Q: 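Structure incoming, see below.
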Number of protein chains: 2
Amino acid sequence: MKIAENTINRLIVYKKELNRLATDGLSNVYSHKLAHLSGFPSHLVRRDLMNVGYNGSPAHGYNVTELEKCIADFLCTPESVRVILVGVGNLGRAILDYCQQQNPKISIVAAFDKDKNKVNKVYHSIYTFHIDSVKNYIKENNIDVAIITVPAAEAQEIASALVESGIKGIVNFTPVRLQVPAEVYIENLDMMLGLEKVVYFVNGD
Amino acid sequence: MKIAENTINRLIVYKKELNRLATDGLSNVYSHKLAHLSGFPSHLVRRDLMNVGYNGSPAHGYNVTELEKCIADFLCTPESVRVILVGVGNLGRAILDYCQQQNPKISIVAAFDKDKNKVNKVYHSIYTFHIDSVKNYIKENNIDVAIITVPAAEAQEIASALVESGIKGIVNFTPVRLQVPAEVYIENLDMMLGLEKVVYFVNGD
DNA sequence: TTTGAGTTGTGAAAATTATCACAATGTGAG
DNA sequence: CTCACATTGTGATAATTTTCACAACTCAAA
Ligand SMILES: NC(=O)c1ccc[n+]([C@@H]2O[C@H](COP(=O)([O-])OP(=O)(O)OC[C@H]3O[C@@H](n4cnc5c(N)ncnc54)[C@H](O)[C@@H]3O)[C@@H](O)[C@H]2O)c1
Ligand SMILES: NC(=O)c1ccc[n+]([C@@H]2O[C@H](COP(=O)([O-])OP(=O)(O)OC[C@H]3O[C@@H](n4cnc5c(N)ncnc54)[C@H](O)[C@@H]3O)[C@@H](O)[C@H]2O)c1
């Protein structure tokens with residue numbers, strides 16, 4: 001069945017909130033609570049959970065750990081995903097740090113840069129290789145996903161090289177709209193767009 | 001008329017691409033080209049432009065600068081928007097830097113932190129105040145929009161304080177789903193969600 | 001002047017997405 | 001046991017969003 005992108009977004013949020021509830025020791029949760037935590041209406045929560053095929057009980061709602069696992073399975077989250085990061089600048093290093101504190105199943109396994117001062121250094125316990133070795137690294141380690149945090153002017157060239165080497169998904173932090181083949185999935189996380197959106201909804205609506 | 005959030009997202013992208021085209025000296029653009037640059041189908045581009053009420057010509061397409069202005073007006077982008085940032089850490093400083101290179105109409109005018117070593121310092125030419133003064137600052141300067149880059153554990157408390165002082169929109173970089181009144185607009189930019197989404201679309205679909 | 005190529009604008013149809021409303025269900029109190 | 005209650009799951013409906021398809025238009029060349 002085809003699932004809408006928005007549904008995927010919400011499922012990921014549910015999963016994270018469920019994980020937190022589990023950490024807090026909760027064993028059950030009702031759709032209203034999950035709705036409140038994630039910020040979506042409760043009937044959407046139930047509809048979404050229908051999609052993943054998990055059944056709760058009217059008496060106890062949903063089992064927190066079971067539902068979390070069920071969503072994870074649905075999202076096909078493999079046991080471990082290895083990701084690389086290109087561009088060990090201010091933003092890149094902040095992300096290297098952040099990523100380790102989060103989802104342990106997804107980990108950044110290598111960083112790449114062209115600056116001689118950064119190559120062969122370790123930032124937040126991740127080794128930085130020279131950018132020239134990225135193609136080999138991707139092929140030899142079968143990497144599917146990359147994070148791009150190089151300067152805007154370099155972004156397209158890097159993206160093309162990554163795709164050529166077999167990268168299938170990119171998280172793009174640069175303000176450039178990358179031109180890649182349709183089968184490569186791009187997630188654009190440009191802060192400026194987010195900021196403009198907030199300005200729009202605050203001002204006008 | 002009510003405009004869908006996705007439409008707003010796309011309009012912001014069009015605007016940015018138009019700005020780039022103008023910088024490159026282009027004066028006209030066809031829907032197909034704008035579609036290619038922004039990554040959306042051309043009929044959606046035309047439909048979106050219908051919403052903003054701009055008319056192109058079949059012969060020359062759209063006038064780049066006029067259309068850019070028209071979209072900006074439609075988005076109600078005021079001449080200048082002043083934004084504050086809370087949490088001058090790794091990510092916060094990267095954003096302070098980034099924001100200055102981008103849209104000159106939107107500027108970060110002050111940063112706030114609780115760390116004595118950072119207070120009263122200037123990062124990327126933006127002055128850092130103590131967090132205790134944020135409420136007064138917001139009220140006295142009539143600030144509507146804030147960026148939150150404090151540690152996750154502090155995020156909710158900070159958000160509540162900001163809202164209490166009159167903030168109407170927040171760009172939230174922490175992984176916490178902030179609980180705020182419905183009239184406050186929140187844009188969540190959690191990298192981890194983006195990464196999980198890419199993993200989903202790369203793996204399964 | 002006429003034709004042809006290429007584009008816009010948009011009504012109408014299709015597809016998708018969200019909301020509503022309620023029957024079905026399990027629970028615990030009396 | 002029975003009843004009242006709160007919650008789930010889902011068919012039906014409403015609303016939104018996208019896609020299709022083509023008439024109308026502009027220009028340039030013959
Ligand atoms: N999405 C956001 O919120 C956000 C925030 C800040 C910055 N940015 C963007 O992220 C990017 C990086 O920002 P930053 O502040 O970290 O910049 P930076 O200059 O600090 O870092 C860029 C890094 O990329 C490296 N690099 C340059 N060219 C390279 C190449 N061809 N191959 C490999 N490495 C290369 C540089 O050596 C440097 O280490 C920029 O495009 C910026 O616009 C986005
Ligand atoms: N969205 C993303 O892509 C992304 C990436 C990296 C980090 N993050 C998140 O962003 C946040 C910041 O990350 P970071 O790496 O910059 O962390 P950091 O520890 O480097 O910075 C946090 C800053 O907040 C300040 N601070 C703490 N409590 C405060 C308070 N009550 N009031 C004001 N200032 C306070 C600290 O002094 C510090 O300067 C974290 O929540 C992290 O999870 C998000």
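Source: prediction; values computed, not measured. No hydrogens, no waters, no symmetry mates; every other heavy atom, side chains included, goes into these values. Naming convention: chains lettered A, B, ... in sequence-line order (proteins, then strands); numbering from 1 in each chain.
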Q: Scan residues 19-40 of chain A for pairs that pass salt bridge (Lys or Arg N to Asp or Glu O under 4.0 Å), counting only residues two or more places apart or in two chains.
A: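 Residue pairs with at least one partner in residues 19-40 of chain A: A/Glu17-A/Arg20.
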Q: Filter on salt bridge (Lys or Arg N to Asp or Glu O under 4.0 Å), then keep only pairs touching residues 36-48 of chain A, sequence neighbours left out; what's left?
A: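 Pairs touching residues 36-48 of chain A that pass the test: A/Arg10-A/Asp48.
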Q: Measure OH/A/Tyr54 against C1'/D/dT10 and give the value in whole Å, please.
A: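 The distance from OH of A/Tyr54 to C1' of D/dT10 comes to 18 Å, rounded to the nearest Å.
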Q: So which pairs with a foot in residues 52-62 of chain B pass side chain to side chain donor-acceptor pair (under 3.5 Å), sequence neighbours left out?
A: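 Sorted pair list: B/Tyr54-B/Glu66.
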Q: Return a single string for nucleotides 16-26 of chain D, one symbol per nucleotide in 5' to 3' order, where B is base contact, S is sugar-phosphate-only contact and - is none, cutoff 4.0 angstrom on heavy atoms.
A: -SSB-B---BS
Q: Show me the pairs that pass ring-ring contact (aromatic ring centres under 6.0 Å, His included) and involve residues 11-32 of chain B, at least two apart or across chains.
A: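 Sorted pair list comes back empty.
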Q: Rounded to the Å, how far apart are A/Tyr62 OH and D/dA6 C1'?
A: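 Going from OH in A/Tyr62 over to C1' in D/dA6 covers 13 Å.
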Q: Not counting sequence neighbours, which residues clear salt bridge (charged side-chain N to carboxylate O under 4.0 Å, His left out) with A/Lys135? List them please.
A: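 By the salt bridge (charged side-chain N to carboxylate O under 4.0 Å, His left out) rule, A/Lys135 matches A/Glu164.
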Q: Measuring to OP1 and OP2 of D/dC5, would you say a side-chain N or O of A/Tyr30 lies under 4.0 angstrom away?
A: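 No, A/Tyr30 has no side-chain N/O under 4.0 Å of OP1/OP2 on D/dC5.
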Q: Could you tell me how far apart A/Asn9 (CG) and C/dT17 (C1') are, to the nearest whole angstrom?
A: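 Result: 14 Å.
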Q: Calculate the interatomic distance between B/Asn63 atom CG and C/dT7 atom P; express it in whole Å.
A: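 Rounding to the nearest Å, CG of B/Asn63 and P of C/dT7 are 17 Å apart.
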Q: So, A/Ser125 and A/Gln100: side-chain donor and acceptor under 3.5 Å apart, yes or no?
A: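 Looking only at side-chain atoms, A/Gln100 and A/Ser125 do form a donor-acceptor pair, the distance falling under 3.5 Å.
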Q: Side-chain N or O of B/Ser31 less than 4.0 angstrom from OP1 or OP2 on C/dT8?
A: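 The answer is yes; a side-chain N or O of B/Ser31 sits under 4.0 Å from OP1 or OP2.
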Q: Does OP1 or OP2 of D/dT8 have a side-chain N or O of A/Asn55 closer than 4.0 Å?
A: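 Negative; the distance criterion is not met.
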Q: Please give, in whole Å, the distance from D/dG11 P to A/Asn51 CG?
A: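 Atom CG in A/Asn51 sits about 13 Å away from atom P in D/dG11.
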